[in-house]
Protein chains: 2
Amino acid sequence: MSARSSLAAKAPEERRRRILAAAVEVLKEKGFAGARIADVASAAGTSAALVVYHFKTLDGALAEALGSVEDDFYDSFSRALPPRATAVQRLRLLGELGCESGPAVGNWALWIEVWVRALRDSQARALRRALDARWRQTLRDVVDTGLKEGSFTCADPAAAVVRLAALMDGLAVQVALRDPDVPDDQMTRLWLEAAAAELGVPPKLLIKAPRARATTKLTRPARA
Amino acid sequence: MSARSSLAAKAPEERRRRILAAAVEVLKEKGFAGARIADVASAAGTSAALVVYHFKTLDGALAEALGSVEDDFYDSFSRALPPRATAVQRLRLLGELGCESGPAVGNWALWIEVWVRALRDSQARALRRALDARWRQTLRDVVDTGLKEGSFTCADPAAAVVRLAALMDGLAVQVALRDPDVPDDQMTRLWLEAAAAELGVPPKLLIKAPRARATTKLTRPARA
DNA sequence: CAAAATCCTGATTGGTCGTTCAGGATCGCA
DNA sequence: TGCGATCCTGAACGACCAATCAGGATTTTG
């Protein structure tokens, strides 16, 4: 348990992190079903045995990798969103943020992987539940703000939030599977239009030119 | 190749069908990743070797099982839907049909399985594409009918259809994963409300008491 | 009714992979 | 400097499982 706290000797921890990152990468590429311990090892530039040394088992490693994804998401949410802004602005940001987390290779694919996993594994189910709950709450906060501001109109906010979250998942599936009817550059627009309708906002307020300004990075930090 | 066409000797074909049905069942229960050749065999009440005898390989069996699901779906679509009816009635039927294909054990789970599979397997991708295209087309037909009738209003039917289809997928994920925020008995209502909004129909026309009449079976024939 | 084709099975095999193991390197610490 | 803990590795083990095989039963056909 006692951590090696000396200065120039965090190599092991660093290695551990690298393995975790490698595991995430492998999950995106091959999915749970195709992820071999050797893949993770070689992606991390180490031996298979080391993976097992740090994480007791392969499943353990993958599970912890998923956990790290959760952390990344939480981080990027809070980092990207909550400066002072109107509900409309925040809603648009949310739409862009959510929709753009996909196209970057394999991100949405990873979610689908988590879903299947969650069908049978309680840990994965818990992870998804947590992330989804948080995402819906974020959405809900924005909706409530808009209602208070008077810029939104919505008879049943709870239902609207559930629908908007589900719609994003559904669109994500089509995009991840490269459905020709749902090109990824249309996803944001499709979602924002629905949001506009659900919340009684004039669509023009939400949907501008796809790329209006680039003051701060709207794209996700790095991975996840 | 010459089929045994004699009268009382379709046992082999019947056996083959049973294996296929068993494969579908196993897919629902354990998914692609967990499906063992022995599972299919025992579920069908035969030996593992026979599965391989009929279908060259396990993947072959699972792929063909998926195909049979496609057929079943096509059948149930056309059987359940198209008597003479107003667009509003048909839309409601579509919502109920689509949403209710889930709760029956593992049906939506099977779709999620297909999605992951489709991420990497082109055959599964083709299957999903075909089913989705057909589903969207069915929806589209109803929408067009409604527009012609004058009972629907919709600026962008194509987008509306994509959104409604995606919404159903997204809701299905929550239901399949037993998300407490999306109880399965609410799914139909949530979807129909969205449809009402997208198509400018007064919600009351679409959503009645959950179970108004039971003239004909609205529930799916059997499986799939 | 025989020969041939089809159908079916239990036992075996060959390969893949997660995990273990024994030992070697490196580091923290006294 | 030396000792114990931590970190790391290649090699070997063993479980699991898809696919093969050799042969037996049953059906079709000529």
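Lettering of chains follows the sequences in order, A, B, ..., and the numbering in each one begins at 1.
Between B:Ala159 and A:Glu193, the shortest heavy-atom distance links the atoms CB-OE1, 4.2 Å.
Remark: A:Tyr53 is in phosphate contact with D:dC7, judged by side-chain N or O atoms under 4.0 Å from OP1 or OP2. Considering only side-chain N and O atoms, B:His54 lies under 4.0 angstrom from the phosphate OP1 or OP2 of C:dC8.
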Take A:Arg136 and B:Asp179 through the salt bridge (charged side-chain N to carboxylate O under 4.0 Å, His left out) test and state the conclusion after the steps. CA-CA 12 Å; A:Arg136 281 201 284 253; B:Asp179 192 305; 2.7 Å; yes

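With salt bridges taken as basic N to acidic carboxylate O contacts below 4.0 Å, one links A:Glu14 and A:Arg17.
Rounded to whole Å, atom P of C:dC8 lies 11 Å from atom CD of B:Glu14. Rounding to whole angstrom units, CZ of residue A:Phe55 and P of C:dG18 are separated by 15 Å. If you measure from atom CG of B:Asp59 to atom C1' of D:dA19, you get 12 Å, rounded to the nearest angstrom. Going from atom CD1 of B:Ile19 over to atom C1' of C:dC8 covers 10 Å, rounded to whole Å. Between the C1' atom of D:dT6 and the CG atom of A:Leu50 lies a distance of 12 Å, rounded to the nearest Å. Atom CD of A:Glu13 and atom C1' of D:dC7 are 13 Å apart (whole Å).
Using modelled atom types, no side-chain atom of B:Asp121 and backbone atom of B:Ala118 make a donor-acceptor pair closer than 3.5 Å. B:Arg140 contributes no side-chain N or O that, together with a main-chain N or O of B:Val162, makes up a donor-acceptor pair within less than 3.5 Å.
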Between the protein and nucleotides 16-18 of chain D, are there any N/O to N/O pairs under 3.5 Å, and if so, what are the atom names and distances?
unit_1: D:dC17; atom_1: OP1; unit_2: B:Arg36; atom_2: NE; d: 3.1
unit_1: D:dA18; atom_1: OP1; unit_2: B:Arg36; atom_2: NH1; d: 2.8
unit_1: D:dA18; atom_1: OP2; unit_2: B:Ile37; atom_2: N; d: 3.2

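Only one option out of A:Val143, A:Thr145, A:Asp141 pairs with A:Arg90 in a side chain to side chain contact (heavy atoms under 4.5 Å, CB included); it is A:Thr145.
B:Arg128 and A:Gln174 are linked by a side-chain donor-acceptor pair at a separation below 3.5 angstrom, with hydrogens and angles left out of the test. B:Gln89 and B:Arg92 share no donor-acceptor pair across their side chains, judged by distance under 3.5 Å alone.
Annotation: A:Phe73 is in aromatic contact with A:Trp111 [ring centroid separation under 6.0 Å].
Counting only heavy atoms from C-beta on, B:Arg15 has its side chain closest to C:dC8 among C:dC8, D:dC8, D:dT20. Closest contact between the side chain of B:Ala49 and the listed nucleotides D:dC8, C:dC7, D:dT20 involves D:dT20.
One axis for each end of the helix from C:dC1-D:dG30 to C:dA30-D:dT1, each built from five base pairs, and the angle between them comes to 10° at 10° resolution.
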